[in-house]
Amino acid sequence: MEMPKEYKGREQAFVKHTILSTYIARLFMIIGQREVVINYVDCFAGPWGDESEDLRTTSIGISIAQMESCVEGLQEIFGRQVKFRALYIEKNSKAYSRLLAFVEKYHSPSIELKCKQGDYSELIKEIVEWCDGHFTFFFIDPKGWNQISAKTLSPLLQMGKSEFLINLMYDFANRAASIKNHKNDMIELLGEAPNLEGQDPAERQYTFLTMYRERLKEYHRGWTSYVRIERPGQDRLLYFLVYLTRHPIGIHKFKEEAEKLEKVQRTTHIETKLRKQFEKSSNLDIFNSTEIQISNTDNHSNLYAAKNFLIDALSDGPLLIDNECWARFLEISDFFPSELQKAMKELFDEEIVQNLDENVRKRRTKIIKPDWPNKSERWALVKTNKSNGRQGPN
């Protein structure tokens, strides 16, 4: 996927907007098969960083483009006429003036746009009323880190038909966590002040993210996942995009898109390093520079870890891997669906696990089929029976 020139200097926005675009396109096509109205709410709409008239590289332009595409797709493929409604909220006066001018010019019989100026946290009651009980996707992308506490979001999190993509600005929040003056802010965000003393960067990230996700689930009562967004051109975590859904299949769909995003992010990472090296010296042989080498994910280590994860999950006996079980695997681990599938395939080929309900020997890439077709299957470890030398299920 080629990065538009408008994203130069804000490559992280390109990565973020890629997951937003690809996921809501898929989500709206699924939800549109059963809902007649779909809402989209952007709580920090901007626009920022794009001076084009169509705002195509902003979350505003991206959301409208996907709604337009899905209106057409739902009609052509499923014969469904779905009404899309979008609410864009922006506090900054200058940005709001531009947003308002854009919204007032837009006209579509199937897409209704509305914008409001103000702090979204002070407009939550109005937002809930505007949603009117319809399915709503919330995109919450603040510039800071202390405006997205679960307590603040609670009226939205408690809405029945809703999904969320929330930007947790970890890079800034991590620095604030060590400052005494921000202790109350941390308690507001995470439920309690995190104890990060002595933790290495990976451990700090895990602690911080886990506390935030668990705090959200106290109000949302659903499933959560996330993607990491690194600062392009650097090996440094910038923020987490935290996803919430009430349907287990939502986790599977989101992590499929997140896996594709890894490739986009790696390419963007390399392109940014190349550009920076070229800007330093046009005579530099950038293609031989050791500074631009990007280490790929250690696939072997990931596969080994995924296999151990599945063995541990099956250690207590046969397990029905239905949609909820599969979602739980994806929620509590950092593995993508394809990694768990490959790991289970290898375990099966090595005769370490077996499927108790179906002959799965001919399955190649998706050996696990939760609720497919409308019937989940039981998996178990294969153990040697020491008394007679035979193998059987645990």
Electrostatic pair D171:R175 at N-O distance under 4.0 angstrom:
yes

Show the nearest heavy-atom pair for residues F28 and M67, with the distance to one decimal.
CE1-CG, 3.9 Å

Close side-chain approach of L319 to R378, heavy-atom, < 4.5 Å:
no

Minimum side-chain heavy-atom gap P142-N167 below 4.5 Å:
yes

Side chains of E259 and S338: is there a donor and an acceptor less than 3.5 Å apart?
yes

Measuring from atom CD of Q117 to atom CG of L123, what distance do you get when rounded to the nearest 0.5 angstrom?
10.0 Å

Linked, directly or transitively: I321 and I249 (ILVMFWY side chains, under 4.5 Å)
no

Verify, without hydrogens or angle tests, whether E257 (side chain) and K253 (backbone) share a donor-acceptor contact under 3.5 angstrom.
no

Residue pair Y120 / I127: nearest heavy atoms and the distance that separates them
O-CD1, 4.0 Å

R213 and T210, any side-chain heavy atoms less than 4.5 Å apart:
no

Show, in sequence, the C-alpha distance, side-chain angles and deciding distance for F335 and F329, and conclude whether the ring pair (Phe, Tyr, Trp, His ring centres under 6.0 Å) test is met.
CA-CA 8 Å; F335 302 119; F329 284 177; 9.9 Å; no

How long is the span from the CZ atom in R246 to the CD1 atom in I251, to the nearest 0.5 Å?
12.5 Å

Any donor and acceptor pair, going by atom type alone, linking the side chain of R80 with main-chain N or O of E35 inside 3.5 Å?
yes

Find out whether T365 and Q341 are in side-chain contact, i.e. whether some heavy atom of one side chain is under 4.5 Å from a heavy atom of the other.
no

Closest heavy-atom pair and its distance - A150, L157
O-CD1, 3.8 Å

Backbone N/O of L55 and side chain of T58: donor-acceptor pair under 3.5 Å:
yes

Using atom types as modelled and distance alone, determine if a side-chain donor or acceptor of E358 lies under 3.5 Å from a backbone N or O of V360.
no

Report the distance from atom NE2 of H247 to atom CG of N323, rounding to the nearest 0.5 Å.
7.0 Å

Sidechain N-carboxylate O distance under 4.0 Å for R228, E230
yes

Quick test of your reading of the model: are D349 and K345 salt-bridged, counting only N-O distances below 4.0 Å?
yes

Kindly say whether the aromatic ring centers of F254 and Y23 come within a distance under 6.0 Å.
yes

If you apply the rule salt bridge (Lys or Arg N to Asp or Glu O under 4.0 Å), what do you find for E53 with K105, and how did you get there?
CA-CA 11 Å; E53 290 188 9; K105 290 180 182 178; 5.7 Å; no

So S162 and F138, do their side chains get closer than 4.5 Å, heavy atoms only?
yes

Answer yes or no: is there an ion pair linking E331 with R328, defined by an N-O contact shorter than 4.0 Å?
no

In this structure, would V37 and I64 fall into the same cluster of hydrophobic residues linked by side-chain contacts under 4.5 Å?
no

Mind checking whether V41 and F139 have side chains closer than 4.5 Å, heavy atoms only?
no

A cation-pi test, strictly: NZ or CZ of K116 under 6.0 Å from the centre of the six-membered ring of W130 and no more than 45 degrees from its axis. Yes or no?
no

Between T22 (side chain) and T18 (backbone), is there a donor-acceptor pair under 3.5 Å?
yes

Worked verdict on R98 versus E104 for salt bridge (Lys or Arg N to Asp or Glu O under 4.0 Å)
CA-CA 10 Å; R98 190 169 174 222; E104 288 180 339; over 6 Å; no

Would a distance-only check, ignoring hydrogens and angles, find a side-chain to backbone donor-acceptor pair under 3.5 Å from S97 to S93?
yes

S21 side chain vs H17 backbone, donor-acceptor pair below 3.5 Å
no

Grouping I, L, V, M, F, W and Y whenever their side-chain heavy atoms are under 4.5 Å apart, do L209 and W223 come out in a common cluster?
yes

Any heavy-atom pair between the side chains of Q354 and L381 that's under 4.5 Å?
no

Checking ring pair (Phe, Tyr, Trp, His ring centres under 6.0 Å) between F208 and each of Y226, W145, Y170, which is the one that passes?
Y170

Please confirm whether F102 and Y88 have ring centers closer than 6.0 angstrom.
no

Please give me the minimum heavy-atom distance between L330 and H252, naming the atom from each residue.
CD1-CA, 3.7 Å

With the side chain counted from C-beta on, respond yes when F137 and L165 share a heavy-atom pair under 4.5 Å apart, and no when they do not.
yes

Using the ring centroid of each side chain, check whether F164 and Y243 are separated by less than 6.0 Å.
no

Using a strict cut-off of less than 4.0 Å between a Lys/Arg side-chain nitrogen and an Asp/Glu carboxylate oxygen, indicate whether R215 and E218 qualify as a salt bridge.
yes

Taking E90 for its side chain and G46 for its backbone only, find out whether a donor-acceptor pair lies under 3.5 Å.
yes

Hey, is the main chain of K94 close enough, under 3.5 Å, to the side chain of N92 for a donor-acceptor pair?
yes

Is the side chain of S149 donor-acceptor paired with the backbone N or O of L189 at a distance under 3.5 Å, no angle test?
no

Any chance the rings of Y40 and F84 have centres within less than 6.0 Å?
no

